[in-house]
Amino acid sequence: MSDIIRLLPDSVANQIAAGEVIQRPASVIKELVENSIDAGASSVTIVLKDAGRTLIQVIDDGSGMSDTDARLAFERHATSKISSADDLFTLHTMGFRGEALASIAAIAQVDLRTMLRGATVGTRLIINGSRVESQEPEACVPGSNMMVKNIFFNVPARRKFLKKDPVELSAIMREFERLALVNTGVDFTLVSNDVTLHQLHRGSLKQRICQLFGKNLDKQLIPVETDTSIVSVSGFVGLPANSRKRNQLQYFMVNGRNMRHPYFHKAVLQCYEKLIPADQQPNYFISLRVDPETIDVNIHPTKHEIKFENEQAIWQILTAAIRDALGRFNAAPAIDFEVQDAPEIPVFKPDRQAQHDIEVDIDYNPFSPPASPVFGTAPDSGFGRRASAPPASRAGGYGRREASIPASDPTDWEKLYDDFMRKRDEGLSAAGPAAADGTPEPAEGEPLFGPAGAADALIDSRETASGPSALFTSQLNNTYILTPSHGGVMVIDQHRAHLRVLYDRYMSTATDEAFVAQATMFPEVMELTPERHEVMADVAARMRQLGFVITPRGGMSWSIDGVPSLLSDASPRVLVEELLDGVLDTGQEVADTLHERLALSMARASAIRRGQPLSATEMDRLIADLLRSPSPSLTPDGKKIFSIIPGDYFARLLG
């Protein structure tokens, strides 16, 4: 049998290596800017065309290269950063593998102009898919000017999988932010399609944070500073009040290098455990300084993963430093000693005779029945059910109260709840077709809050809705609604249930004609980040068709002058930001899914919140509305709305 093992050509090997190092245009920018920093550059300019798809140009004023070094730099494993394996444990540079330039040249067309400081003439090198086409002397300024054109031009499968320009630009912006945060002593300029998105001047870390993410962060940051023999911790953490549900600003740096570290991320979250809601996360910008011999950065080609020798010790130091900072700046909850509106306590004087203003009814008998009971005075049922006046309408009819309305016959409870029984029966009937989805019943011995037997449980629960006692509902922790179901207890997340109801309601009217613009009394001005600004410029016309009146005010500012009339009391700013983030995250065409995003965003903004008390009437209405939905089991974004606690669980619980 003939030999079948052969050496791959260098061009093929470089393309394979490029698959690990160069994943998208943002990876090219990372590698080129890190090379500029290692070359001692004090100013770096990045120029983009079509989010890097057509052109990525990085210009620096670093040390530059000779003609020989320029040619050799594009060979695999050619580097000036290390010379032996021992150097891997004393790294002070960003790069060291010698793979980046070879990988970039393998999948793009490269045009390099560079000149050494003090030299009189430089060199120009042109490479096309790992093949050197020409190298000749060139008059240029000291430093390097690297142009990477038509990325993945010779790998069409990889180029096809690049996202839309706004998504790729968003990835570039995130990489640019990491590079700018870790190199605060370097001036950075970012230009995209002839528009300057960022022009940053060297300064402190806090100044760089405000330049990147807005001046409003200045008052939201708490400094963190500690120095030990193991690690030096510096940087900033955000105030608990400014935590976010999405787009958190979370950055770790070690020895001037960006990193991702889930273990240290959990350490930060633990410090905020009882200070912020469970569905939110804090902002932080934390820089660590350790002995280079105690870390290993040679784990992944992107060099974002770093292994620490003293992880547990650093965890303890990090948590102690953050908790100390939060405590010193009174970020933790404190006792309110305000005396305004507090009752006045008179000073005790022993020589003053006691005065009593209490009138005592000597004929009062606490065991006698009330003479004229009114609606709302019924005794507590034992599960915390509260009788109250019918609720006012709030985006879906739950959560607000009107003045008490006496009932004509308060003792006739069946008549009093007849309307709610009818609504619930209608909802259960409407949920009948949902049984076709085949959702399974809870398994035998399933733990508490296991998967719900969605449609079957909903239909079977109709059998129990035969009288007032069957309609008994209760609220747990002002968050969950408990109601009887066939073979157990149904636990409903009130926020998600209302979200489902509102989403269906908005989608039923989701036509371009239905979104009528309503002018705002006070226009709201938004200062967008560069990536959001690019997306807004692209979708503003489409959003105007859907009832938004949004006008540019110069720079990155936009004014919200009108919102859809269906918006109710939701925050226009929050809704617009969610729509823009949706475009950035998915890269889909706005016209295809804007109705769904708008309906979901409006539902999120208007739905009742967890922790909001509901009356029994409101809970019954919400359940009835939910069960009318064609998909009552899940929210539009796929989260479970309710679950069934099997009846045999209680038997096992009580032995």
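All residue numbers refer to positions in the sequence shown, counting from 1. On a predicted model such as this, the values are computed, not experimentally measured, just so you know.
- By the 4.5 Å heavy-atom criterion applied to side chains, Gln270 and Ile322 are not counted as neighbours.
- Two residues are said to be in side-chain contact when any heavy atoms from C-beta on lie closer than 4.5 Å; Val182 and Ile37 fail this criterion.
- Atom CG of Asn35 is separated from atom NZ of Lys30 by 9.5 Å, given to the nearest 0.5 angstrom.
- By the side chain to side chain donor-acceptor pair (under 3.5 Å) test, Asn283 is found to be paired with no residue, residues two or more places apart in sequence or in another chain being considered.
- Rounding to the nearest 0.5 angstrom, the gap separating the CZ atom in Arg202 from the CZ atom in Arg208 is 9.5 Å.
- For Arg609 (side chain) and His495 (main-chain N/O), no donor-acceptor pair under 3.5 Å exists by modelled atom type.
- One N or O on the side chain of Asn258 and one on the backbone of Arg178 form a donor-acceptor pair closer than 3.5 Å.
- Remark: Asp187 CG to Gln199 CD distance equals 9.0 Å, nearest 0.5 Å.
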Subject >> Pair Ile209-Leu249, side chain to side chain contact (heavy atoms under 4.5 Å, CB included): steps then yes or no >> reply: CA-CA 10 Å; Ile209 292 171; Leu249 304 176; 5.9 Å; no

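- Judged purely by atom type and a 3.5 angstrom limit, Gln280 has no side-chain atom pairing as donor or acceptor with the backbone of Pro277.
- A distance-only check finds no donor-acceptor pair linking the side chain of Ser243 to the backbone of Gln281 [under 3.5 Å].
- Across every non-hydrogen atom of Pro552 and Trp558, the tightest pair is N-CE3, 3.6 Å.
- To the nearest 0.5 Å, atom CG of residue Asn150 and atom OG1 of residue Thr54 are 6.5 Å apart.
- Sparse packing is recorded around CZ of Arg553, with 12 or fewer heavy atoms of other residues, nucleotides or ligands lying under 6.0 Å away.
- Side-chain contact between Met253 and Leu288 is absent, with no heavy-atom pair separated by less than 4.5 Å.
- The local environment of NZ in Lys149 is sparse, with at most 12 non-hydrogen atoms from other residues, nucleotides or ligands closer than 6.0 Å.
- Under a 3.5 Å cut-off, the side chain of Gln109 and the backbone N or O of Asn128 do not form any donor-acceptor pair.
- For Asp218 (side chain) and Lys206 (main-chain N/O), no donor-acceptor pair under 3.5 Å exists by modelled atom type.
- For Leu169 against Ser192, the heavy-atom pair with the smallest separation is CD1-OG, 4.1 Å.
- Of all non-hydrogen atoms in Leu162 and Arg53, the two that sit nearest each other are CB-NH1, 3.6 Å.
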Original post:
Would Asp50 and Leu55 count as a side chain to side chain contact (heavy atoms under 4.5 Å, CB included) if you check the C-alpha gap in whole Å, the side-chain angles of each, and the deciding distance to 0.1 Å?
Top reply: CA-CA 7 Å; Asp50 302 326; Leu55 171 68; over 6 Å; no

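- Here the shortest heavy-atom pairing between Ser144 and Met65 reads OG-CE, 4.3 Å.
- Between Ala108 and Val148, the shortest heavy-atom contact is CB-CG1, 3.5 Å.
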**OP:** Could you walk me through whether Ile314 and Val290 pass side chain to side chain contact (heavy atoms under 4.5 Å, CB included), step by step?
**Re:** CA-CA 10 Å; Ile314 295 175; Val290 299; 4.3 Å; yes

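- Inter-residue side-chain proximity for Asn193 and Lys49 is flagged as met; some heavy-atom pair is nearer than 4.5 Å.
- Of all heavy-atom pairs spanning Pro523 and Asp561, the tightest one is CB-OD1, 3.1 Å.
- Residue Ser36 forms a side chain to side chain donor-acceptor pair (under 3.5 Å) with just one option from Thr45, Asp61, Asp60, and that option is Asp60.
- The side-chain contact (heavy atoms from CB on, under 4.5 Å) search around Tyr263 returns His261, Glu311, Gln312, Trp315, not counting sequence neighbours.
- No side-chain heavy atom of Gln211 sits less than 4.5 Å from a side-chain heavy atom of His198.
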Subject >> ring pair (Phe, Tyr, Trp, His ring centres under 6.0 Å) between Phe285 and Tyr251, intermediate numbers included >> reply: CA-CA 5 Å; Phe285 308 85; Tyr251 297 90; 5.6 Å; yes

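- The closest side-chain heavy-atom distance from Arg500 to Ser631 is below 4.5 Å.
- Of the charged side-chain nitrogens involved, none lies within less than 4.0 Å of a carboxylate oxygen, so that Asp67 and Arg71 do not count as a salt-bridged pair.
- Glu138 and Thr123 are not linked by any side-chain donor-acceptor pair at a separation below 3.5 angstrom, with hydrogens and angles left out of the test.
- Residues Pro282 and Val237 are not in side-chain contact: their nearest non-hydrogen atoms beyond the backbone lie 4.5 Å or more apart.
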Original post:
Checking side chain to side chain contact (heavy atoms under 4.5 Å, CB included) for the pair Ile550/Met536: CA distance, chi angles, key distance, verdict?
Top reply: CA-CA 9 Å; Ile550 304 178; Met536 176 65 82; 4.1 Å; yes

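- Applying the side-chain contact (heavy atoms from CB on, under 4.5 Å) test between Leu190 and each of Val47, Val195, Leu200, Ile46 identifies Ile46 as the sole match.
- Using a 4.0 Å cut-off between a side-chain N of Lys or Arg and a carboxylate O of Asp or Glu, Glu177 and Arg174 do not qualify as a salt bridge.
- With contacts defined as side-chain heavy-atom distances shorter than 4.5 Å, the pair Phe188/Leu212 does not qualify.
- To the nearest 0.5 angstrom, Leu528 atom CG is 7.5 Å from Ser557 atom OG.
- Atom CG in Asp111 sits 9.5 Å away from atom CE in Met146 (nearest 0.5 Å).
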